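Working notes, structure below.
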Amino acid sequence: MKQKDKYEIISEMAKRRGYFWPSYEIYGGISGFLTFGPLGSLLKKRLEDKFRRFYLQPLAILEIETSVIMPGNVLEASGHVENFKEPTVECTKCQRKFRADHLLQEFGKMTDTETEKLTLQDIMDELKNRNIRCPECGGTFSKAEQFMTMFATTIGPYSDSVGYGRPEAAQGIFVEFKRIFESARGRLPLGVAQIGRVLRNEISPRQGPIRLREFTIIDIEFFLDPEDKKCLVLKEVENETLRLVLAENKMKDNTEPVTVTVKEAVSKGIIKEEWQAYFMALAKRFLVELGVPEEQQRFIEKLEWERAHYSVQGFDQEVYLERWGWTEVSGHNYRTDYDLSRHMKASGVDLTAFKESESGGRRFVPHVIEPSFGLDRLVYVALEYAYTKRNKRTLLSLSRDLAPIQMSVFPLVNKDGLLEKADEVYHRLTNEGFTVDWDSSGSIGRRYARADEVGTPLGITIDYTTLEDGTVTLRDRDSWKQVRSNIDNLPDLLHAYFRNKIDFEDLGQLIERRKDG
RNA sequence: GCGGUCGUAGUCUAGCCUGGUUAGGACCCCGGCUUCCCAAGCCGGGUACUCGGGUUCAAAUCCCGGCGACCGCACCA
């Protein structure tokens, strides 16, 4: 029998229990779009909030929200219109598709600045003149075509008013920089984040939640004075180790990561910018918090031609997934003043900062360090790493701050007033702001199993003793341990528990269970 | 976009080759009985042949096309 991999198991569970599934299924489905069900959207929200607590709040990074549709001129200024378009040719013999500009560079000895300027007809001419054939089979090429990976639309009733779905949330930040900077009273460094939907018209997306045409991105643009790029908080992470696959090693086909501390990486110039190193260290810690051990993470340095058009040094953070191997979850790029300068030029608006000094003062365009995360991928990663088996039962061991449902209330049997009592407890807890589920169907064991499968950390069981003395049983998802606690104490205890102030065993009196059953 | 494989209930699947079944099973879900703590048991219930066309007396089954999925190639700024 075919062995199911984790992706398959998780997809099945995700559909059945309401985490996520492919969108538009009743119309046959369309790849690249994903629907988050009730549990999935809760998990995503919790992950987002955790990110805010972990990454944004400590650095006082400001969060904004800008529109998804952007006017064409904005994305022309940013270089996306130019760079999101790839000229491709197809071999007439073997049907393989190639990036025409890459062929000309590799076999035609043209530089990328030369190929960038070519029209489609020029490309065909150059391929012919330079006698470039299919590198696979030697065949000739069909007509070149441009593939635009941004979603285009028109704005309003005028068809010449072109707009695009934004391919990154970053541009919204650059475009609004002037006002944000002003409202932040000109402070630098200044971090600005945006968590939002972006659109990329992938040619053929596969891999479920990993490659989507519409997804949620977390972009942080961290603005710096280029003459004062010191990271004052680097000390906090300087002994954190990073596993780095360096570009120079990659060139020699060596993808063995070197493990260095943040301190070393910076002092040896492996990571050129201190803030970039800092954000990478935080990214590593964040993934550890999501349940990914450090050996299952690495950073891979992008080669020059792999980098986006705006980046001068870039690392991708990758996480090992059972089905797809090393998978990018975040990108860390030094964007310099590329974007602000381009928007300044195109809009004619001054986007410089000013700093006073003894010699008078100077104007400059701030530089940008950008950490960028794919939120949907993080959701999947958290699920895959939380997935375990216990006694042949599926257990999602999501951390208590990520679990969509925080607790379930179970009447041990459905009679003698236990249902009513359970209902009372349920409402008391929801009134406290907890996300609580209710389940009275099937045996208590079955209900625990259901709760385990969706990762609910606590089970609260109402039994006959509850009617006598107002205590309930709390059951821990991972250890199956149980404690007994008075209902009146629950709100305070549970708030503390979910803020990670106390452990499970602090929730009440540990009780022994006999093993029969 | 190309090649290979594939599409049956909420999920996984048998059946397809060799057309004719009330389309079977498992899990799951719901209701009831039972049940003082880990998917127990009993009774009852639930949902399916991806879509369209063709061949045929008859199509889940054969043929063509669409859509979609998975794997490989390419692509992933």
Side-chain angles (χ1 to χ4, degrees), chain A residues 1-2 4-5 7-9 11-18 21-32 37 75 78-86 88-91 93-99 101-102 136 142 145 147-150 167-168 200-208 210-213 302 305-311 316 323-324 327-328 331 374 390-395 410-416 418 440-453 459-467 472-475 477 480 482 484 511-517:
Chain A
M1 199 178 122
K2 190 182 69 176
K4 285 184 190 171
D5 66 18
Y7 170 67
E8 217 170 329
I9 294 165
S11 299
E12 284 167 19
M13 186 280 292
K15 280 185 200 169
R16 204 154 31 79
R17 300 296 194 188
W21 55 82
S23 301
Y24 310 111
E25 276 180 313
I26 67 164
Y27 286 99
I30 172 116
S31 54
L75 290 161
S78 70
H80 285 87
V81 171
E82 191 182 341
N83 286 284
F84 254 68
K85 226 190 296 181
E86 308 298 355
T88 57
V89 285
E90 187 176 313
C91 170
K93 202 165 143 200
C94 71
Q95 262 71 266
R96 274 178 239 264
K97 283 205 173 194
F98 299 91
R99 285 271 299 270
D101 51 338
H102 288 181
E136 294 294 325
S142 66
E145 41 185 66
F147 185 77
M148 161 71 92
T149 46
M150 285 197 292
E168 56 170 10
R200 297 179 188 187
N201 201 4
E202 302 285 352
I203 295 171
S204 114
R206 289 177 189 171
Q207 310 175 330
I210 300 303
R211 252 183 89 208
L212 297 169
R213 290 186 165 119
K302 304 292 267 184
W305 57 86
E306 293 173 333
R307 286 198 301 266
H309 57 278
Y310 47 69
S311 173
D316 280 350
R323 182 162 197 148
W324 298 295
T327 304
E328 179 189 353
R390 185 182 165 122
N391 294 3
K392 291 187 195 160
R393 293 170 22 172
T394 296
L395 175 61
F410 308 119
L412 187 59
V413 293
N414 298 335
K415 58 180 184 185
D416 301 330
L418 291 187
S440 63
S441 161
S443 68
I444 189 69
R446 174 174 294 266
R447 288 179 263 164
Y448 285 149
R450 275 199 282 256
D452 288 347
E453 195 181 16
I460 299 175
T461 304
I462 280 64
D463 57 21
Y464 284 99
T465 315
T466 312
L467 300 179
V472 294
T473 305
L474 297 165
R475 173 214 183 240
R477 176 196 63 201
W480 292 15
Q482 294 187 311
R484 213 159 172 101
I511 47 177
E512 297 298 328
R513 282 279 162 208
R514 48 177 200 278
K515 273 276 180 167
D516 57 84

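Naming convention: chains lettered A, B, ... in sequence-line order (proteins, then strands); numbering from 1 in each chain. None of these values were measured; they are calculated from a predicted model.
- The CG atom of A/Asp463 lies 4.5 Å from the OG1 atom of A/Thr473; values are rounded to the nearest 0.5 Å.
- For A/Arg17 and B/C28, the CZ to P distance is 9 Å, given to the nearest whole Å.
- When distances are taken from the side chain of A/Ser441 to each of B/U35, B/C36, B/G31, the shortest belongs to B/G31.
- Atoms CZ and OG1, on A/Arg484 and A/Thr465 in that order, are 4.5 Å from each other to the nearest 0.5 Å.
- Going from atom CG of A/Leu395 over to atom P of B/A39 covers 14 Å, rounded to whole Å.
- Judged by distance alone, with hydrogens and angles left aside, A/Asp452 brings no side-chain donor or acceptor close enough to the base of B/C38 to form a pair under 3.5 Å.
- Rounded to whole Å, the P atom of B/A48 lies 30 Å from the corresponding atom of B/U56.
- From A/Leu412, atom CG reaches atom OG of A/Ser440 across 12.0 Å, with rounding to the nearest 0.5 Å.
- The aromatic ring centroids of A/Tyr7 and A/Trp324 lie less than 6.0 Å from each other.
- With distances taken from any side-chain atom of A/Leu412 to the nucleotides B/C36, B/U11, B/C38, the minimum falls on B/C36.
- Considering only residues two or more places apart in sequence or on other chains, A/Glu12 meets the salt bridge (charged side-chain N to carboxylate O under 4.0 Å, His left out) condition with A/Lys4.
- Across B/U11, B/C36, B/C29, the shortest atom-to-atom separation from the side chain of A/Glu12 is found for B/U11.
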Strictly under 3.5 Å: I want the nitrogen or oxygen pairs between protein and nucleotides 40-42 of chain B, one per line.
unit_1	atom_1	unit_2	atom_2	d
B/A40	OP1	A/Arg446	NH2	3.1
B/A40	OP2	A/Ser443	OG	2.7

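- Taking the P atoms as reference points, B/G25 lies 23 Å from B/C62, given to the whole Å.
- The side-chain heavy atoms of A/Arg213 and A/Thr149, taken from C-beta on, include no pair separated by under 4.5 Å.
- Nearest to the side chain of A/Gln482, among B/C75, B/C37, B/U11, sits B/C37.
- Whole-Å rounding puts the A/Tyr24 OH to B/A69 P distance at 14 Å.
- Both thresholds, 5.5 Å between centres and 30° between ring planes, are not jointly met by A/Tyr448 relative to the base of B/C37, so the two rings are not stacked.
- With a 4.5 Å cut-off on side-chain heavy atoms, A/Pro22 and A/Lys15 count as touching.
- As rounded to the nearest Å, B/C28 and B/A39 have C1' atoms that lie 11 Å from one another.
- Across all strands, A/Lys302 comes closer than 4.0 Å to no nucleic acid atom at all (heavy-atom distances).
- Residue A/Arg323 is in sugar-phosphate contact alone, with no base atom involved, counting any heavy-atom pair closer than 4.0 Å across all strands shown.
- Within the nucleic acid shown, A/Arg447 has no heavy atom closer than 4.0 Å to any nucleic acid atom.
- Heavy atoms of A/Asn414 sit under 4.0 angstrom from at least one base atom.
- Remark: P of B/C37 and CG of A/Asp463 are 9 Å apart, rounded to the nearest angstrom.
- Straight-line distance between the P atoms of B/G10 and B/G4: roughly 31 Å, to the nearest whole Å.
- For the C1' atoms, the distance linking B/C16 with B/C6 amounts to 13 Å, nearest Å.
- The distance from atom NZ of A/Lys415 to atom P of B/G32 is 14 Å, rounded to the nearest whole Å.
- Ranked by how close their nearest RNA chain B nucleotide is to the 5' end, A/Arg450 and A/Glu453 are led by A/Arg450.
- The aromatic rings of A/His309 and A/His80 sit perpendicular to each other, their planes meeting at more than 60°, with 30° as the lower class boundary.
- Rounded to whole Å, the distance from CG on A/Asp416 to P on B/C36 is 9 Å.
- Of the candidates A/Arg17, A/Arg447, A/Arg393, A/Arg477, A/Asp452 forms a salt bridge (charged side-chain N to carboxylate O under 4.0 Å, His left out) with just one, namely A/Arg393.
- With a 4.5 Å cut-off on side-chain heavy atoms, A/Phe410 and A/Tyr448 count as touching.
- Stem list for RNA chain B (at least 3 consecutive Watson-Crick or G-U pairs, distances under 3.5 Å): B:1-7 with B:67-73, B:10-13 with B:24-27, B:28-33 with B:41-46, B:50-54 with B:62-66.
- Counting distance only, with no hydrogens placed and no angle test, the side-chain atoms of A/Arg211 and the base atoms of B/C75 include a donor-acceptor pair under 3.5 Å.
- Here, B/U21 and B/U61 have their P atoms 13 Å apart, quoted to the whole Å.
- Side-chain contact annotation: A/Tyr310 with A/Ser78, donor-acceptor N/O pair under 3.5 Å absent.
- Rounded to whole Å, the distance from CZ on A/Arg16 to P on B/A26 is 17 Å.
- Residue A/Trp324 is classed as a sugar-phosphate contact, given heavy-atom separations below 4.0 Å to backbone atoms only.
- For the C1' atoms, the distance linking B/G3 with B/U22 amounts to 42 Å, nearest Å.
- At least one side-chain heavy atom of A/Tyr464 sits less than 4.5 Å from a side-chain heavy atom of A/Val413.
- In this structure, A/Trp480 and A/Gly32 both approach RNA chain B, and ranking their closest nucleotides by distance from the 5' end singles out A/Trp480.
- With B/C37, B/U35, B/C28 as the candidates, the nucleotide lying closest to the side chain of A/Val413 is B/U35.
- Summarising the geometry, the separation between NE2 on A/His309 and P on B/C76 is reported as 14 Å, rounded to the nearest angstrom.
- Taking the P atoms as reference points, B/G72 lies 34 Å from B/C29, given to the whole Å.
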